[in-house]
Structure formats: C-alpha cells, structure tokens
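Lettering of chains follows the sequences in order, A, B, ..., and the numbering in each one begins at 1.
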Amino acid sequence: MRHASTGKGKAEQFEAIFLPYLDSAYNLARWLTRNEHDAQDVVQESYLRALEAFGGFHTERDGRPWLLRIVRNTCYTWLRRNRPAELVTGAVDVAEEAIDSGANIESAMIEKANSELIRRALEEIEVEYREVLILREWEGQSYKEIAQIVDVPLGTVMSRLSRGRRELQRRLCPATETNK
Amino acid sequence: MSCQDNQGLLDAYLDGELDLAASLEVERHLEHCTGCQSRKARFEQLGQALRQPDLYARAPAGLDNRIRESLRTRDKQATPGLTRGWLTAAAAVAALVICSFLLMRNSLRPAEEDLIKSEVASGHIRSLMANHLTDVLSSDQHTVKPWFNGKLDFTPVVTDLREKGFPLIGGRLDYLDNRPVAALLYKRNQHPINLFEWPAAAVSKPRTDTIRGYNIIHWSQSGMTFWAISDLNARELGDFVHDLEQ
C-alpha cells in the first residue's frame, strides 16, 4: 500500500519513516566524503532527493536500504564533482589475486589496534571497499541489501567485502604481509 | 574445496550468508585448514576492531532540525496553499483507486511472491558461486528422488527430460520461503537450470519474469509450487517448463 493513503502530510509521514535513520545516513556520508561539513550537506541533499522519490516507496518495505541507496548515490555525485580522482580506483572485482596463505595467528593479531589507526586505514582504502565494509559491519546490511544499495551483483559484494577486509588487515598489521 | 575457492566463501560463511549445504562444506574445510583457521581469527579481530563505538560517526546535534526544516519548505513549494485542499481530495480519490487496484492485484500476486522470487535468484546464484550445484549427482530420476527421503517432509517431483534436451544433472537441498526445499539441477547445453519445489495448496499457471538478468518461471500444480530459474533464454526455459508440466 502506498503512503498516499493516509491523511497525514507527506513530509510528516516521510520524516517519521526516515529521520530515525539519520545516524546511518550521516555515518555513510561521513565515511564516503571523509569530511563532517560536506557529509551534513550531502545528507540534507539526500533527504530532499528521497522526499521527491517517496512516491515510489512502499511503506511496508525496510526504509534503511532504500534511504542508504540514495545517500550513497548523492555521495557519488558529490565525489564526482569535488574529488573525481577518488573514483578512479584500482578495485578488482572479478580476478582475485593470489591469496595470503598460512600467515601464523600470532603475527596476524591486530594488537589493540587503536581507533585512530583504524580510522586512517579505513579512509585510505578504495571507496568501493569502504562502502561495503561500512554497510556490512556497522549497518548490518545483508549481501542482498548491499547489492541493491551499491547496485552491483551479489558476487561483486562478496568479492569486494573479502578484498576490502584484506586491504584493511594489510594496513593494520603489516606483519601479515611479510609472513606470506 | 581448496583455499582458492574458499577466499570469498569464508567471508560469506562468517557473515552468515551461505546456505546450509555450502556452510557445511566451509566448516569441513575449516576443520583441517590452518590457513583458513587463522583467516577466520583475523576476520573476527577485524570485526571487533571496526565496531569500536567511537568510529561510528553519529549525526551532529541540530542536523535533524535542519533537515526537517528543509523538507517542509520543499514540501510546501511542491503543493502551493490554494490548490492544496483540492489536491488532497484528488489524492484521496486516487489513493482509493490505487488501493482497490492493488488489493485486487495482491490477491493474485502477493508481495510475498516478490520476496520468494528474490530468494530463488539468490539460491540460484549461490549454487553457482559456491560451485555447489548438487548433493546427489545423478542423471537417473530413480536415484535422485529417493535421495531426498528423510531429508524433506515431502516427496519432490523428479522428471528426466533428457529426451527433450534438458538432462537431469542431480539434486540438492536448499532453504527458501522459511523451509527446506528440493532443488533439482537440469542443463540445456552449458546453461544450468535450477528447479526449486515445495508443497503449496495454490494452483497457478506459469508466469515468466526476470530478475538480475536471470529468467524465472513460477507455477503451481498438483499440490506443489515450482520455480525454474536460469540464464537460458525465456523461450527455451518456457519449453522446459512446458515439458515438465506434461
């Protein structure tokens, strides 16, 4: 059933559904733009875009992935305009490179990795990896939902997550690499 | 399963995204592969490290009000005051029409069906990704059918269509629509066809659809519901379903 069936104002109804996801929207925008002020602008723009598209939203659906898809696209528009270099990436989706085998557990420990270190590592990795990791680890989105938000096939979600995690590990504990 | 195959699968397993059969396969591999055991340990560490609460960027105070304000401004611009009453009335009538239309349509095609369709596609893709097409590999329907005994609470319909050009390759268990179901694998040349089936009271004619580039046909008859999915073209998949229905 569509949203238009109740007497409440469109904006009020929209707010009731989507403002609870403001933290999710902001967190994604913050990590994709890597800037707090730009993230606020992007989130505001995303909500306005979402309001325009609200007519196509079915209220029985989960609002979070629907909104996050719009936030993600708005972030990409922003990145294309302001940091086009970041979108030219070397992300490899299909051809998996040789895997790091047999690194022993001791050397692979992310010993008390402090959040500053992780923050830096996360900002360094390709935006394709960053976004799927954020959606999975923090927003708890399923592979299927991530596939819809990022608009790629399920298999690509799987390989990007796997590669992204290895990229992070490589940055957080270089010992893993030397032990190859 | 080699570690090479296991790379992305291990992540999918640890994320709880694999079906039962593929999960068991990864678990069997994990038992004796120390490389993957240490990968699993690192996966868990990384997850913990990432989920430190101070890494999550919460929306700053005031952003919600700023957004609420801009939404209301935009909403008013979209529907200027004078015509607003009429628009509301018109919208109410339109909503009524849409609702009754949707209700009628829903009785034929529940939203649930879209959900199952998506699950069927995921099941199909998983079976290809995990290279886990079959649990019982046999082109003989009299081998495949008894294999399901004791694994399911129903007996699946297993037909060999070799003569029609759709040889039966084997069968496996899958989990769809919150229940274990039978998945039969057929092939047309190099195109795998997954046929999912489980009991259902409804009767419906085959309906063709596409999802994520796959053709999918759904129908129900003789107390069973069927979903056929493949990258095969819609016409040949239609032939397959037609032959099955005979």
Item to check | Phe226(B) and Trp219(B) aromatic ring geometry - parallel, tilted or perpendicular at 30°/60° bounds | outcome: parallel

Checklist entry - Side chain, backbone, both or neither: which part of Leu22(A) has a heavy atom under 4.5 Å from chain B? => result both

Item to check | Contacting moiety of Glu15(A), where chain B heavy atoms sit under 4.5 Å | outcome: side chain

Next on the checklist: Quick check on Leu122(A) against chain B: is it the side chain, the backbone, both or neither that has a heavy atom closer than 4.5 Å?
Outcome noted: side chain

Checklist entry - What part of Glu45(A) is in contact with chain B, defined as an atom under 4.5 angstrom from a non-hydrogen atom: side chain, backbone, both or neither? => result neither

Checklist outcome for this item: From the list Leu55(B), Asp64(B), Leu63(B), Ile67(B), the residue making the most non-hydrogen contacts under 4.5 Å with chain A is Leu55(B)

Item to check | Carboxylate-amine/guanidinium proximity below 4.0 Å for Glu86(A) and Arg34(A) | outcome: yes

Checklist outcome for this item: For Arg61(A), the side chain to side chain donor-acceptor pair (under 3.5 Å) test, sequence neighbours excluded, returns none

Next on the checklist: Show the nearest heavy-atom pair for residues Ala121(B) and Ile229(B), with the distance to one decimal.
Outcome noted: CA-CD1, 3.6 Å

Checklist entry - Are any of the side-chain heavy atoms of Val157(A) and Arg136(A) separated by less than 4.5 Å? => result no

Checklist outcome for this item: Scored by heavy-atom pairs under 4.5 Å with chain B, the best of Ile134(A), Leu28(A), Leu51(A) is Leu51(A)

Item to check | Atom CD of Glu44(B): over 12 foreign heavy atoms under 6.0 Å | outcome: yes

Item to check | Candidates Glu124(A), Glu123(A), Glu126(A) - the one meeting salt bridge (charged side-chain N to carboxylate O under 4.0 Å, His left out) with Arg171(A) | outcome: Glu124(A)

Checklist entry - Taking the six-membered ring for Trp, are Phe57(A) and Phe18(A) parallel (under 30°), tilted (30 to 60°) or perpendicular (over 60°)? => result perpendicular

Item to check | Interchain contact, Leu48(A) with chain B, by part (heavy-atom threshold 4.5 Å) | outcome: both

Checklist entry - At a heavy-atom separation under 4.5 Å, does Arg212(B) approach chain A through its side chain, its backbone, both, or neither? => result side chain

Checklist outcome for this item: Bottom line for Arg165(A): the part with an atom under 4.5 Å from chain B's heavy atoms is both

Checklist entry - Heavy-atom distance under 4.5 Å to chain B: side chain of Glu116(A), backbone, both or neither? => result neither

Checklist outcome for this item: Among Leu71(B), Asp54(B), Asp15(B), the residue with the most heavy-atom pairs under 4.5 Å to chain A is Asp15(B)

